[in-house]
2 protein chains.
Amino acid sequence: MFKYPEEELIAQRLFELIKQTMPKFERCTGISQSRLEILRELFESEEITQRALQKKVNIDHAAVTRHLKQLEEKRMVTRRKNPEDNRFTYVSLTEEGKTKIAAYCEEKQLFISNILNGFSEHERSSLLDMLTRIQENVDKI
Amino acid sequence: MFKYPEEELIAQRLFELIKQTMPKFERCTGISQSRLEILRELFESEEITQRALQKKVNIDHAAVTRHLKQLEEKRMVTRRKNPEDNRFTYVSLTEEGKTKIAAYCEEKQLFISNILNGFSEHERSSLLDMLTRIQENVDKI
DNA sequence: GTATATTAATTGACGGATCAATAATTGACC
DNA sequence: GGTCAATTATTGATCCGTCAATTAATATAC
């Protein structure tokens with residue numbers, strides 16, 4: 001039999017947590033985490049190159065392309081090529097997109113508040129600190 | 001502009017963390033987290049019904065079926081119907097599967113140790129506790 | 001005892017992510 | 001100036017997950 005040291009329990013719980021949380025997030029907010037990140041990034045940077053956007057949200061180029069295509073169909077974003085360098089395409093929110101994203105963000109904030117219910121200020125910063133350190137460890141691998 | 005309260009940073013980091021960790025996990029260990037969970041569960045319960053296995057690892061029936069099919073092709077598991085109730089199928093590891101899984105688990109443990117490098121005993125239990133509480137909050141949604 | 005409901009497993013459709021290959025454009029070097 | 005390299009974006013193949021519908025077997029209710 002395998003023993004389950006605390007280390008493994010942490011990993012297990014982390015994994016379980018995400019697995020259960022993501023679908024609930026999408027139901028509550030009406031949008032996927034990734035897509036909301038894209039929209040938020042667009043909101044904050046007026047007009048941004050697709051490549052820069054991809055680096056910010058940190059998902060695959062291909063996925064970004066497909067997200068943007070769908071968002072374009074829904075009239076939430078527009079795209080145009082950079083006239084000085086046709087390899088780049090600029091992406092920006094439409095007015096319609098801008099009004100919609102605010103609602104999404106509020107939903108998200110509500111959702112996260114629920115998840116962190118009962119956490120003291122000290123606990124929050126401690127948790128954030130630990131997650132950051134884990135992140136750094138992962139980066140080294 | 002949106003503000004990023006600490007709450008959101010925590011959620012952000014959690015999400016980022018998983019997104020970056022999972023692919024690295026698969027590269028390092030040579031197997032996906034989900035599939036390893038299935039194998040481990042099989043290892044611990046000798047022979048188990050597919051339904052019970054699904055509940056344990058907590059992924060969709062369909063996904064379990066497909067994992068098991070592939071594992072069967074690789075000669076790592078065998079399946080047989082319950083003669084007393086033909087709806088159920090029992091799953092168990094082959095000898096080949098048993099020997100392989102040990103190596104996977106060691107890889108996993110190593111990986112997790114790396115990720116939690118620099119964490120004191122106290123921090124680990126504190127982190128585990130917080131994750132558990134978040135889990136409970138999520139369950140309520 | 002037969003019709004209905006429940007349960008397990010499978011399959012298909014679909015969404016979202018990755019990787020690999022390709023096309024188009026630009027930059028650099030001889 | 002023409003070839004080669006680098007960069008961006010797109011597309012196709014594949015994997016993994018969910019949901020919904022289907023099939024097969026069993027249990028239940030009348």
Side-chain angles (χ1 to χ4, degrees), chain A residues 15-39 42 47-74 77-92, chain B residues 15-39 42 47-74 77-92:
Chain A
F15 183 62
E16 269 299 311
L17 187 57
I18 296 290
K19 210 164 57 177
Q20 292 177 21
T21 306
M22 298 307 288
K24 288 192 179 180
F25 180 90
E26 297 198 19
R27 283 171 188 275
C28 292
T29 62
I31 194 173
S32 81
Q33 167 68 223
S34 293
R35 189 162 296 189
L36 182 51
E37 251 183 287
I38 287 177
L39 289 175
L42 287 174
E47 193 172 52
I48 188 176
T49 209
Q50 199 164 313
R51 169 78 181 134
L53 177 62
Q54 182 268 322
K55 275 185 191 155
K56 281 268 195 181
V57 300
N58 198 31
I59 60 179
D60 195 79
H61 313 103
V64 171
T65 296
R66 288 171 185 131
H67 274 296
L68 290 177
K69 265 193 179 173
Q70 294 180 38
L71 288 169
E72 212 174 13
E73 281 172 16
K74 291 186 189 171
V77 309
T78 56
R79 294 192 290 170
R80 68 182 185 88
K81 293 225 160 193
N82 180 348
E84 283 139 30
D85 187 339
N86 272 292
R87 289 173 302 182
F88 290 84
T89 77
Y90 285 130
V91 192
S92 55
Chain B
F15 182 63
E16 268 300 311
L17 187 57
I18 295 290
K19 210 164 57 177
Q20 292 178 21
T21 307
M22 297 307 288
K24 285 192 180 179
F25 179 89
E26 298 197 20
R27 284 172 187 276
C28 291
T29 63
I31 193 172
S32 82
Q33 167 68 224
S34 293
R35 190 163 295 191
L36 182 50
E37 253 182 285
I38 287 176
L39 289 176
L42 286 174
E47 191 171 52
I48 189 176
T49 208
Q50 199 165 314
R51 170 78 181 134
L53 177 62
Q54 183 268 322
K55 275 185 193 157
K56 281 270 195 180
V57 300
N58 198 33
I59 60 179
D60 195 80
H61 313 106
V64 171
T65 296
R66 287 169 186 130
H67 274 298
L68 291 177
K69 263 192 180 175
Q70 292 179 41
L71 288 170
E72 212 174 12
E73 281 173 16
K74 291 186 189 170
V77 309
T78 55
R79 294 194 289 171
R80 68 182 185 91
K81 294 225 160 192
N82 179 350
E84 282 139 31
D85 187 339
N86 271 292
R87 288 173 303 181
F88 290 84
T89 77
Y90 285 130
V91 192
S92 56

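Here is the naming used below: chain letters follow the sequence lines, and residue numbers restart at 1 for every chain.
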Taken to the nearest whole Å, CD1/A:Ile59 to C1'/D:dT10 is 15 Å
Under 4.0 Å: is that the gap between some side-chain N or O of B:Gln50 and OP1 or OP2 of C:dT10?
yes
For a quick test of reading the model: is some side-chain N or O of A:Thr89 closer than 4.0 Å to OP1 or OP2 of D:dA9?
yes
So, does B:Arg79 get its side chain near the phosphate of C:dT10, meaning an N or O under 4.0 Å from OP1 or OP2?
yes
Does A:Lys69 make a side-chain N or O approach to OP1 or OP2 of D:dT11 shorter than 4.0 Å?
yes
Whole angstrom is fine here: how far is it from CD in B:Gln54 over to C1' in C:dA8?
10 Å
Let me know the distance between CD of B:Gln70 and P of C:dT10, rounded to the nearest Å.
13 Å
Is B:Ile31 close to B:Leu39 at the side-chain level, that is, under 4.5 Å between some pair of heavy atoms?
yes
For C:dT25, does OP1 or OP2 lie under 4.0 Å from any side-chain N or O of A:Arg51?
no
Does a side-chain N or O of B:Arg27 approach OP1 or OP2 of C:dT18 to a distance below 4.0 Å, or not?
no
Look only at the side chain of B:Gln54 and the backbone of B:Ile59, and say whether a donor-acceptor pair between them is shorter than 3.5 Å.
yes
Below the 4.0 Å mark, does D:dT8 have OP1 or OP2 next to a side-chain nitrogen or oxygen of A:Thr49?
no
With a 4.0 Å heavy-atom cut-off, tell me which residues in residues 15-22 of chain A come close to DNA chain C, sorted by residue number.
none
Measure the distance from CG on B:Asn82 to P on D:dA27 and round it to the nearest whole Å.
11 Å
note: B:Leu53, atom CG; C:dA8, atom P; distance rounded to Å ~ 13 Å
Test log, rule salt bridge (charged side-chain N to carboxylate O under 4.0 Å, His left out), inputs A:Glu72 and A:Lys69:
CA-CA 5 Å; A:Glu72 212 174 13; A:Lys69 265 193 179 173; over 6 Å; no
Has A:Asn86 got a side-chain N or O lying under 4.0 Å from the OP1 or OP2 atom of C:dT26?
yes
Do B:Leu17 and A:Ile18 have side chains that get closer than 4.5 Å, going by heavy atoms?
no
Hey, which of these two, B:Ser34 or B:Lys81, hits DNA chain D nearer its 5' end, going by closest nucleotide?
B:Ser34
Of the nucleotides C:dC19, D:dG17, C:dG12, which one has an atom closest to the side chain of A:Asp60?
C:dC19
Is there a donor-acceptor contact under 3.5 Å from the side chain of A:Thr49 to the main chain of A:Ala52?
no
Within a strict 4.5 Å, meaning less than it, do heavy atoms of the B:Asn58 and B:Glu37 side chains meet?
no
For A:Leu71 and C:dG15, give me the distance from atom CG to atom P, rounded to whole Å.
14 Å
Taking atom NZ of B:Lys19 as the centre, does the number of heavy atoms from other residues, nucleotides or ligands within less than 6.0 Å exceed 12?
yes
Reckon B:Thr65 has a side-chain N or O less than 4.0 Å from the OP1 or OP2 of C:dT10?
yes
When the nearest nucleotide of DNA chain D is assigned to B:Glu84 and to B:Asn58 on a heavy-atom basis, which residue is associated with the more 5' position?
B:Asn58
Whole Å only: how far is the CD1 atom of A:Ile48 from the P atom of D:dA9?
10 Å
Test side chain to side chain contact (heavy atoms under 4.5 Å, CB included) applied to A:Arg87 and A:Arg51, step by step
CA-CA 10 Å; A:Arg87 289 173 302 182; A:Arg51 169 78 181 134; over 6 Å; no
Closest nucleotide among C:dG16, D:dG17, D:dT11 to the A:Arg66 side chain
D:dT11
Quick check on D:dA9: is either OP1 or OP2 less than 4.0 Å from any side-chain nitrogen or oxygen of A:Arg87?
no
Could you state the atom-to-atom distance from NE2 of B:His61 to C1' of C:dT10 in whole Å?
11 Å
